[in-house]
Structures are given as C-alpha cells and as structure tokens.
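What you see is a predicted model; the values in this text were computed from it and never measured. Just so we're on the same page: letters track the sequence lines, and every chain starts at 1.
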Amino acid sequence: MDTALNLNHIGFLLDGALWTLVLSLMAFLGGGLAGFAVAMGRIAPQRIIRILTTGYVQLVQGTPLLVIMFVIYFGLPTLGFSISPLLAAGLSMTIYVSAYLGEIWRGAIQSVPRAQWEAAECLALSRGQRMFKVILPQAIRIATPPTVGFSVQIIKNTSLASVVGFVELTRAGQLINNSIFEPFMIYLIIAGLYFCLCFPVSLLSRRLERTGVARAQRIELVSA
Amino acid sequence: MSIVVLDNVKKSFGAVTVLHGVSFSVEKGQVMALIGASGSGKSTALRCIDRLEQIDSGRIEVCGHQVASADLDLRKLRLDVGIVFQSYNLFPHLTVEQNITLGPVSVKRMPKSEARKITADVLAKVGLADKASAYPEQLSGGQQQRAAIARSLAMQPKVMLFDEVTSALDPKLTGEVLRVIEQLADSGMTMIMVTHEMNFARRIADRIVFMHDGRVHEQGGAEILSAPATPELRDFVSNEL
Amino acid sequence: MILDFTLIIARWQMLMDGAWLTVQLAAVTTLTGFLVGTLCAVARRSRFRLAASTAGLYVEAIRNTPFLVQIFLVYFGLSSLGLSLSAVTVAIIALTINVGAYTAEIMRAGFDSIHRGQWEAAETLGLTKFQQYWHVALRPAMERVYPSLSSQFILLMLASSVTSQISTEELTAAANFIQSETYRPLETYLLIALIYVALSLAMRVVFWGIGMIIFPRRRRLGTSL
C-alpha cells in the first residue's frame with residue numbers, strides 16, 4: 001500500500017462498512033429471535049421461567065459487550081470450540097441484543113392495556129390466540145420506534161468486533177492506518193461513515209416516535 | 001331453572017374484603033339489574049361470574065359450570081357467557097367486522113363465510129350494518145359500545161353480562177346503547193347488568209338486586225325501587241334520581 | 001474441562017485495582033457528563049440559534065458514532081495538538097463527551113415535560129432564565145427522567161471497559177493482562193463479567209438511595225424510582 005490515502009483505501013473502508021452492515025443484520029436477526037424468546041419468558045405464566053429469564057437479562061445487561069466478546073472469542077476455544085471472528089462477534093452481539101430487545105418488547109407487550117387481555121379472554125381465545133391475534137399486533141406498533149432506535153446502538157456496537165480481529169469498518173480503518181499512519185484523519189473518516197450509516201436510522205426512529213405520539217393523542221381525543 | 005347461581009360468595013383484594021358472602025340467582029330468560037353505590041362490590045360480583053376474578057370461598061354456577069372449581073373448563077364457560085365492559089375494549093388494530101369474527105373463527109372454528117353472515121346479522125341488530133369495515137377509533141363512543149355488544153352476541157352466549165356499559169357515554173349516546181340492550185331483553189336473552197340507569201332498570205329488569213358494603217342488601221321486583229324497604233336503598237334511589 | 005480460578009484468584013489484587021479505577025471513572029464521568037449534558041440541554045432549548053444548533057450538532061455527532069471511534073479520535077486528536085495526557089485523563093474526557101450527549105437528550109425531554117404554566121409562573125415572578133432553570137425546572141425535570149438517567153450512567157460504567165483499548169488500566173485491561181499471563185481467558189472474563197454485574201447492581205442501589213435523598217417528595221408519596 002501507498003503511504004498516502006488513496007482510492008484503494010477508500011474501497012477497503014467501504015468494504016469494511018459493508019461488513020459492519022452484515023454483522024448488524026446478523027445481530028438484529030439473531031438477537032431479535034432470541035429477544036422474542038426473552039420477552040415471552042419474562043411474562044411467562046411459570047414463575048421459574050420468569051426468574052431464569054430475568055436472571056439472564058440482568059447478567060447480560062450488567063456485562064459490557066466487550067467482555068461478552070472476550071468470553072466468546074477467547075473463552076470458547078479453551079473449551080475446544082474453535083470460532084471465527086465473524087461467528088464470535090455475531091454470537092456475542094446476538095446475546096447482547098437479545099437482552100435489550102427482549103426488554104423493549106416485554107415493555108411494549110405489557111403496555112397494551114390489561115383490558116385488552118381480558119376482552120380477548122372473555123371471547124374464549126386461547127393464550128396463544130390472545131397473544132398473536134390481539135396483543136402482539138398492538139405491541140408491535142408500540143415497539144417499532146424504540147426497536148428502530150436500538151438498531152442504531154447495534155450498528156455502533158459492531159465496532160467492538162474490531163477488537164477480536166473481525167475486519168469491519170473500524171478494523172479496516174486501523175489496518176489502513178498501519179500503513180499510512182494518519183490516525184486522526186482515518187478515525188474522522190470512519191466516524192463520518194458510521195454517521196452516514198446511523199443518522200438515517202436515527203431520523204427514522206424519531207419520525208416513527210412522533211407519528212406514534214400523534215396517533216396516541218388522536219385516539220385519546222376520540223375516546224374522550 | 002336457574003342459569004346463574006351465586007351462593008355465599010366471598011372475595012378479598014389483599015386486606016380489603018369486597019364481597020362478604022353474596023348470594024343471588026337468575027332464571028333463564030330473566031333480566032337482572034345489579035345496583036348499588038360504587039365500591040359496593042357489584043362490578044366485582046359480575047367479574048367473578050365470568051372468572052375474571054377468582055373467589056375466595058362460596059360457590060358460583062353458570063350454565064352448569066362450577067366457576068370456582070379448579071377443573072373448570074374456562075373456554076366452555078366463556079363460550080356460554082358474553083360480557084360487555086364500560087370501556088368497550090374493542091381491539092383497536094382490527095376493524096369492527098374483524099373484531100366480531102375473531103371469536104367465531106378462532107375459537108369456534110366457524111368457516112369465514114358463516115362468521116360474516118353472523119356478523120352482518122348482529123351488526124344489523126345493533127344498528128351498525130354500515131360500519132363493518134370501520135376501525136374502532138373511527139366510531140363514536142355509543143357506536144363502539146354497540147359494536148362491543150355485537151362482538152359478544154356473535155359468540156351466541158347463553159348469558160350476557162353488562163358492566164356499567166353506559167357510564168362512559170353522554171346522555172344522547174347512552175340512549176342508543178340502552179335501546180339495543182332493551183331489544184335484546186325483549187328477545188329473551190338472560191342478562192345481568194350492573195347499571196346506574198335507574199329508570200332503565202325499572203323498565204326492563206325482572207329482578208333488582210341492591211348491593212351495599214359487599215352484601216346483597218335488598219332484592220325483589222322493579223317495585224322495590226318505588227318502595228324501598230331499607231333506608232340504604234331509599235338513600236341510594238333518591239341520590240341516583 | 002473444569003473451570004480453574006486459582007491462578008486468577010492469586011492475582012485478585014490486580015482485579016480489585018482495576019475495578020476501583022472503573023468505579024472512579026464511572027463516578028467522575030457521571031458528574032462531568034451530567035454537567036455537560038444539562039448545559040447542552042439548556043443550550044438546545046435556547047432561543048440563541050447558534051447555541052441551539054451547535055449543541056444539536058454535538059448531540060447528533062456523538063449519538064451516531066461508536067464510542068470506540070470517539071475515544072481514538074480524542075486520543076489522537078489531543079496528541080496531534082501536542083498535548084500528552086495520561087490514558088486516564090483521555091478516558092475521562094472521552095467518556096464525558098460521550099455520555100454528555102445522551103444526558104443532553106434525556107434532560108431535554110425532562111425540561112420539555114415541565115408544564116408551560118410553571119415557566120410562566122417563574123417568569124412572572126421576575127426570575128431570570130438561569131433562575132428559572134435552577135430553582136423551578138431542574139429538580140422536577142430530573143425527577144421525571146431519573147430512571148433513564150440512572151440507566152444511562154450504568155451504561156456509562158459498562159462503556160468504560162472500552163477505554164482498555166487506549167490502555168487505561170481499569171477492570172477489563174486488568175483482565176486482559178491476567179489472561180495473557182495465566183492462559184485462562186474463559187475464567188478471567190467470566191469472573192470480571194460477574195464483577196461488572198455486581199457493580200451495575202451496586203450502582204442501581206446507589207442511584208436509588210441518591211434519588212431518595214434528592215427527591216424527598218417522592219419519598220413521601222412512596223412512589224418508586
């Protein structure tokens with residue numbers, strides 16, 4: 001490589017940005033699936049399931065994502081599982097995301113008025129039917145803005161995968177820096193690229209929140 | 001033949017005892033009005049009948065179901081009992097028609113076409129034939145409450161429970177809901193209604209049960225409203241009018 | 001495969017030193033971050049367009065970029081200005097800048113939730129803008145957003161682990177060192193994960209206690225924080 005920033009470098013950074021998106025998507029899908037299980041576990045009728053999921057959430061939310069990554073990436077191989085940086089980062093992010101999304105979604109489910117559960121119960125709907133036909137469709141609307149908002153956290157936090165050697169945007173920048181040694185400029189460019197990835201998502205979440213509030217107020221006006 | 005029986009029913013919420021041994025029964029085809037001041041336990045009694053609350057002791061029998069027993073088939077109870085709430089509780093994400101067909105299709109496994117026929121039928125009964133595709137928030141309070149009644153009717157219950165269904169409505173909208181309930185009474189439906197509408201109770205109820213401090217204080221035909229035997233009912237009636 | 005903590009327990013003092021630095025970092029930057037954040041919230045609500053838009057730019061820039069990148073920017077930025085500061089100082093600056101932006105958003109929501117009548121009443125009493133914020137708005141606003149604030153500061157404590165990347169010798173850095181000496185990464189990182197969980201719970205208790213002291217009205221009403 002050259003000793004000045006050139007087009008190859010920019011291409012390499014954009015490649016890294018693409019991997020940042022791939023990892024974010026993995027984290028969102030994996031964390032979303034596991035997070036749904038967490039949300040269901042937190043409101044399960046069985047006490048023991050509620051206690052276990054609460055414990056899981058407390059543990060994950062009380063541990064830095066960086067430490068989760070170290071446990072997975074450096075710890076699992078000592079148990080005899082060899083694990084690639086991408087898989088380690090994906091798995092760590094899944095665990096991290098599941099605890100936070102799980103709590104966001106539990107909150108959304110529980111903010112559907114109690115009376116809706118009762119009305120569904122009085123129509124003789126089963127627990128599954130109540131959840132899937134009555135409660136979840138309403139909870140999804142409530143959960144969408146904070147879920148989109150949390151996606152920004154996901155994208156930003158994939159930068160920690162650079163620490164376990166996965167070549168996403170931040171790591172790509174560090175590699176380029178090793179050859180041209182212009183750290184301040186490189187990190188500014190990286191920051192700019194992250195901003196381009198995150199800001200539109202932030203804007204979207206804020207717009208969803210505003211329309212959500214407007215909608216809630218409209219409903220209140222009608223029923224008042 | 002009694003279709004609903006409460007026998008010495010007791011219920012507490014924590015340290016507060018709401019029902020101190022309540023007993024009454026309703027015959028098939030009867031319309032019963034449950035009256036009393038707020039806090040007298042009438043809404044709780046009604047909610048116990050549909051097992052929205054579990055009682056502490058006593059016995060409740062509804063259409064042959066032992067409501068308080070541990071091996072009650074909740075699903076079967078709810079198929080026989082319809083309940084309408086003060087706050088309508090329509091599902092906001094579903095249209096009126098979807099609200100109504102949800103139970104018949106999901107619970108009774110009725111074919112969609114048949115459920116739609118029933119929907120048209122019950123909507124006509126409550127005067128909302130043209131609102132099938134509207135969302136609840138597009139309706140007035142009175143219309144929402146009538147849609148909620150239609151939703152219960154579509155399950156073809158044997159008993160209907162009404163929990164202060166007009167309390168959230170202004171007088172003009174109250175009238176249209178009461179007319180629907182009155183037609184239902186005329187059609188021979190067994191009904192228990194918790195209500196503050198004394199004139200309405202007097203006109204359509206076969207039996208009046210007056211609750212006071214978690215007990216049945218006085219009961220009888222509609223005439224007890226004109227000639228109360230106890231000072232508590234006299235006070236209550238004069239305050240309500 | 002059996003977990004073996006003996007080698008790590010032998011280096012317990014190192015972990016405790018690291019944890020102590022983590023606690024100090026969290027405590028200091030909670031205060032500085034709250035200060036910066038509250039000032040920014042006031043600036044964002046100000047009618048001076050330049051102050052409002054500068055604060056807005058800062059908040060957006062921080063909230064939409066990773067902390068890891070921010071810390072490197074501060075680290076290399078300061079050294080390119082010729083300032084050679086200790087890793088701890090750089091960590092404090094970077095953490096403050098980061099949490100300040102989040103606190104600004106939270107406090108702005110808090111100030112926005114104060115009823116207009118309150119501001120008008122304060123204004124008709126002849127209070128200056130500063131006095132309105134200080135005497136009338138600050139405490140109720142904080143009280144309303146207190147749960148979000150405490151969660152944010154716990155996240156801040158967890159984020160301080162990232163400062164290990166510029167060799168601040170806090171808990172995670174201590175663990176990195178210990179695992180490289182003992183070749184026991186699983187045990188080391190599991191152990192510090194538990195220490196972090198304990199610190200998070202301890203912070204929750206401390207914030208609850210602080211809330212009880214600074215919001216006596218809540219204590220009387222018995223509402224939870």
Side-chain angles (χ1 to χ4, degrees), chain A residues 20 55 58-80 96 100 149 152-153 155-163 168-171 173-174 177 181-203 206, chain C residues 1 3-4 22 59-81 105 151 154-155 157-165 170-173 175-176 179-180 183-204:
Chain A
T20 288
Q58 293 287 340
L59 277 181
V60 176
Q61 290 198 344
T63 308
L65 173 58
L66 187 61
V67 174
I68 299 178
M69 289 224 181
F70 286 155
V71 170
I72 302 284
Y73 185 69
F74 296 115
L76 283 191
T78 64
L79 295 179
Y96 158 80
Y100 285 89
V152 179
Q153 302 295 327
I155 299 174
K156 286 188 296 181
N157 277 326
T158 57
S159 64
L160 293 180
S162 66
V163 177
E168 39 62 74
L169 180 49
T170 306
R171 186 85 193 120
Q174 289 167 339
N177 185 48
F181 209 73
E182 286 274 7
F184 189 68
M185 182 187 67
I186 292 283
Y187 282 112
L188 264 187
I189 296 172
I190 298 173
L193 286 172
Y194 274 111
F195 189 85
C196 294
L197 294 179
C198 294
F199 190 59
V201 185
S202 293
L203 281 184
R206 229 167 301 160
Chain C
M1 163 68 214
L3 293 178
D4 177 5
T22 293
V59 169
E60 291 302 339
I62 297 301
R63 284 166 54 95
N64 289 291
T65 50
F67 178 54
L68 181 63
V69 175
Q70 290 162 13
I71 201 171
F72 283 132
L73 271 176
V74 172
Y75 185 76
F76 291 114
L78 288 175
S79 69
S80 74
L81 290 175
E105 277 301 273
S151 303
I154 290 169
L155 287 176
M157 186 274 290
L158 297 177
S160 73
S161 67
V162 178
T163 64
S164 63
Q165 296 305 302
E170 44 64 77
L171 184 52
T172 304
N176 289 342
Q179 74 96 9
S180 71
Y183 299 103
R184 288 278 174 197
L186 187 61
E187 290 89 336
T188 313
Y189 290 123
L190 281 179
L191 192 65
I192 67 158
L194 286 181
I195 298 178
Y196 275 112
V197 170
L199 288 178
S200 312
L201 290 176
M203 276 181 82
R204 216 163 267 294

Answer yes or no: is there an ion pair linking C:Glu105 with A:Arg206, defined by an N-O contact shorter than 4.0 Å?
no
To the nearest 0.5 angstrom, please state how far the [atom1] atom of [X] sits from the [atom2] atom of [Y].
X        : Y        : atom1 : atom2 : answer
A:Ser159 : C:Phe72  : OG    : CZ    : 9.5 Å
A:Leu66  : C:Asn176 : CG    : CG    : 7.5 Å
C:Thr65  : A:Tyr194 : OG1   : OH    : 10.0 Å
C:Ser80  : A:Met185 : OG    : CE    : 12.0 Å
A:Leu59  : C:Leu194 : CG    : CG    : 7.0 Å

Toward chain A, the part of [X] with a non-hydrogen atom under 4.5 Å:
X        : answer
C:Ser161 : both
C:Leu201 : side chain
C:Ser160 : neither
C:Leu171 : neither
C:Leu155 : side chain
C:Ser200 : side chain
C:Gln165 : side chain

Using a 4.5 Å cut-off on heavy atoms from C-beta on, say whether the side chain of [Y] contacts that of [X].
X       : Y        : result
A:Phe74 : C:Leu186 : no
A:Thr63 : C:Val197 : yes
A:Pro64 : C:Val162 : no
A:Phe70 : C:Thr172 : yes

For chain A, find which of C:Arg63, C:Arg204, C:Gln70 contributes the most heavy-atom pairs closer than 4.5 angstrom.
C:Arg63
Do you know which two heavy atoms are closest between A:Ala191 and C:Leu73, and how far apart they sit?
CB-CD1, 4.0 Å
Show the nearest heavy-atom pair for residues A:Thr78 and C:Pro185, with the distance to one decimal.
CG2-CG, 3.6 Å
Could you tell me how the ring of C:Phe76 sits relative to the ring of A:Tyr187: parallel (under 30°), tilted (30 to 60°) or perpendicular (over 60°)?
parallel
A:Gln153 versus chain C, heavy atoms under 4.5 Å apart: side chain, backbone, both or neither?
side chain
Contacting region of A:Ser162 [heavy-atom separation from chain C under 4.5 Å]:
side chain
Report, as yes or no, whether the 6.0 Å neighbourhood of atom OH on C:Tyr75 holds more than 12 heavy atoms from other residues, nucleotides or ligands.
no
One option among A:Val152, A:Val163, A:Thr170 has the most heavy-atom pairs under 4.5 Å with chain C, and it is A:Val163
Of the listed A:Leu160, A:Leu193, A:Leu169, the one with the largest count of heavy-atom pairs under 4.5 Å with chain C is A:Leu160
